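First comes the structure, then the notes that go with it.
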Amino acid sequence: MKLTAEKIGRMYFRSGRDTNFFYAVQSIDFEPEEGKVTVITGRSGSGKTTFINMLCGLLTPSCGKVMLDGKDIYALSDRERSLLRNRSFGIIPQGQTGLQCLTVAENVLLPVSMYGRAGEKEDKAKKLLEMLGIDDLWDVYSNELSGGELRRMSVARALINDPGIIVADEPTGDLDGDTTVLVMELLKKRSENGAAVIIVTHDKDVMPYADTVYTMEKGVLKKQ
Ligand SMILES: Nc1ncnc2c1ncn2[C@@H]1O[C@H](COP(=O)(O)OP(=O)(O)OP(=O)(O)O)[C@@H](O)[C@H]1O
Ligand SMILES: [Mg+2]
């Protein structure tokens, strides 16, 4: 699965600045390698989340194109893009996400139950939770989880469909050292099975897993 960003940029509006519009991301060309882990670091506010949200179909660029296997993903309708995102991308967002009214199992199986049959993936969901050390939380409602448990739940949800592209925004931000290893081993394994894995991180413990490292500086991406 080939993902290519062609000169993508994103402008935001902010009142109170000299000029009200500014580019958080500036005209970036980017092609993550399949079968590799690509890490993006950079200071807070440098544009990392904005950039990867554009890559995975969550945020429309102000300029440029994001192509998946030769198809412009922002030329698709909302519904087509949602289906494509669900099928092709595994997304671990920054911050805590999860539907509080659902159990851990229901959250993990959400990408399947929305468009298919969750029953078929139950064994896989159990295995993922086991590998992440939270299989005992299967039936627990997600509003009762700790930050690190929620993070691991979102990792399992991102991997449930064996996506060709994984986009992870600070996936180990609230994890201890041992749990970081569990998460990174899973992501690395997915890359060895052919996925392009893109990770935004400040975490030094993630660096040994990186095949390629980029730094974001004021909306400009540089290869290290
Ligand atoms: N919806 C928005 N409207 C206006 N400005 C925004 C919006 N989202 C982000 N920004 C601004 O764009 C810049 C880049 O934000 P972004 O979230 O991409 O940074 P980041 O590198 O992910 O930071 P962090 O490491 O703190 O998560 C920041 O200056 C931020 O304040
Ligand atoms: Mg961010």
Side-chain angles (χ1 to χ4, degrees), residues 3-32 37-68 73-74 78 81-82 85 89-98 146-159 163 165-177 179-180 183-184 187 196-224:
L3 181 70
T4 316
E6 297 174 4
K7 302 215 176 324
I8 56 169
R10 174 72 196 199
M11 199 164 62
Y12 286 131
F13 174 80
R14 182 183 280 159
S15 51
R17 285 207 171 192
D18 303 344
T19 47
N20 287 339
F21 290 98
F22 71 102
Y23 270 92
V25 168
Q26 314 204 24
S27 189
I28 293 178
D29 286 317
F30 181 68
E31 213 174 288
V37 174
T38 302
V39 164
I40 301 172
T41 62
R43 292 179 64 174
S44 177
S46 58
K48 305 177 300 294
T49 295
T50 302
F51 175 59
I52 62 167
N53 282 350
M54 291 193 285
L55 284 183
C56 66
L58 286 173
L59 180 70
T60 308
S62 308
C63 57
K65 282 181 184 171
V66 178
M67 312 290 286
L68 185 66
I73 67 171
Y74 289 99
D78 263 4
R81 191 166 48 255
S82 296
R85 203 168 47 226
F89 290 89
I91 303 172
I92 304 167
Q94 187 170 27
Q96 300 295 352
T97 57
S146 73
E149 288 164 349
L150 274 173
R151 173 73 50 213
R152 282 179 278 169
M153 182 182 86
S154 71
V155 172
R157 185 185 53 206
L159 297 177
I165 297 153
I166 293 170
V167 175
D169 201 345
E170 301 282 0
T172 62
D174 29 28
L175 301 180
D176 60 71
T179 318
T180 293
V183 168
M184 287 313 303
L187 294 178
V197 177
I198 305 150
I199 302 175
V200 164
T201 191
H202 293 291
D203 187 348
K204 286 190 178 58
D205 292 344
V206 169
M207 289 307 170
Y209 295 90
D211 295 301
T212 315
V213 180
Y214 288 84
T215 307
M216 183 74 87
E217 217 180 290
K218 293 188 180 153
V220 177
L221 196 65
K222 289 187 187 134
K223 200 170 186 174
Q224 278 190 0

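Note that ligands are numbered from 1 as they come in the structure, with each ligand's atoms numbered from 1 the same way. Starting from 1, each residue takes its place in the sequence as its number. Just the heavy atoms: all of them, side chains too, but no hydrogens, waters or symmetry mates, feed the values below. Note that the structure is predicted; figures quoted are calculated from it, not measured.
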If the cut-off is 4.0 Å to any non-hydrogen atom of Thr49, which atoms of ligand 1 fall inside it? 17 (O), 18 (O), 20 (P), 22 (O), 27 (O)
Distance filter under 4.0 Å to Gly47 heavy atoms, resulting ligand 1 atoms: 14 (C), 18 (O), 19 (O), 20 (P), 21 (O)
Under 4.0 angstrom from ligand 1, any heavy atom of Glu170? no
Asp174 side chain to Gly148 backbone, donor-acceptor under 3.5 Å: no
Within-shell test, Ser46 vs ligand 1, heavy atom, strictly < 4.0 Å: yes
Exactly one of Lys222, Lys223, Gln224 should register a side chain to side chain donor-acceptor pair (under 3.5 Å) with Thr215. Which one does? Gln224
Is it true that a side-chain atom of Arg81 and a backbone atom of Ile73 form a donor plus acceptor pair closer than 3.5 Å? yes
Identified side-chain contact (heavy atoms from CB on, under 4.5 Å) partner of Lys7 from the options Ser27, Cys63, Pro61: Ser27
Contact partition for Arg43 relative to ligand 1, non-hydrogen atoms under 4.0 Å: backbone
With a cut-off of 4.0 Å, which atoms of ligand 1 are near a heavy atom of Gln94? 27 (O)
Side chains of Phe89 and Leu3: does their closest heavy-atom pair fall under 4.5 Å? yes
Taking the six-membered ring for Trp, are Phe30 and Tyr214 parallel (under 30°), tilted (30 to 60°) or perpendicular (over 60°)? perpendicular
Kindly indicate whether the side chain of Tyr12, heavy atoms from C-beta on, has any atom under 4.5 Å from the side chain of Thr50. yes
Only heavy atoms of Arg14, strictly under 4.0 Å: list the atoms of ligand 1 that pass. 11 (C), 29 (O), 30 (C), 31 (O)
May I ask which of Gly95, Gly219, Gly45, Ser44 has a heavy atom nearer to atom 14 (C) of ligand 1 than the others do? Gly45
Selected option - heavy-atom contact closest to atom 1 (N) of ligand 1, from Phe13, Tyr12, Phe21: Tyr12
Proximal atoms of ligand 1 relative to His202 (non-hydrogen, under 4.0 Å): 25 (O)
Mind checking whether the Mg ion (ligand 2) has an N, O or S of Gln94 under 2.8 Å? yes
Is the distance from the Mg ion (ligand 2) to the nearest N/O/S atom of Thr49 under 2.8 Å? yes
Run the side chain to side chain donor-acceptor pair (under 3.5 Å) test on Thr97 and Arg157 for me, step by step, so that the C-alpha distance in whole Å, both residues' side-chain angles and the decisive distance to 0.1 Å come before the verdict. CA-CA 11 Å; Thr97 57; Arg157 185 185 53 206; 2.9 Å; yes
Please work out whether any backbone atom (N, CA, C, O) or any side-chain heavy atom from C-beta onward of Tyr23 is under 4.0 Å from ligand 1, and answer side chain, backbone, both or neither. neither
If only side-chain N and O atoms count, and only distance matters, is there a donor-acceptor pair under 3.5 Å linking Thr172 with Asp203? yes
Near Phe22 (heavy-atom distance under 4.0 Å), the atoms of ligand 1 are 5 (N), 11 (C), 12 (O)
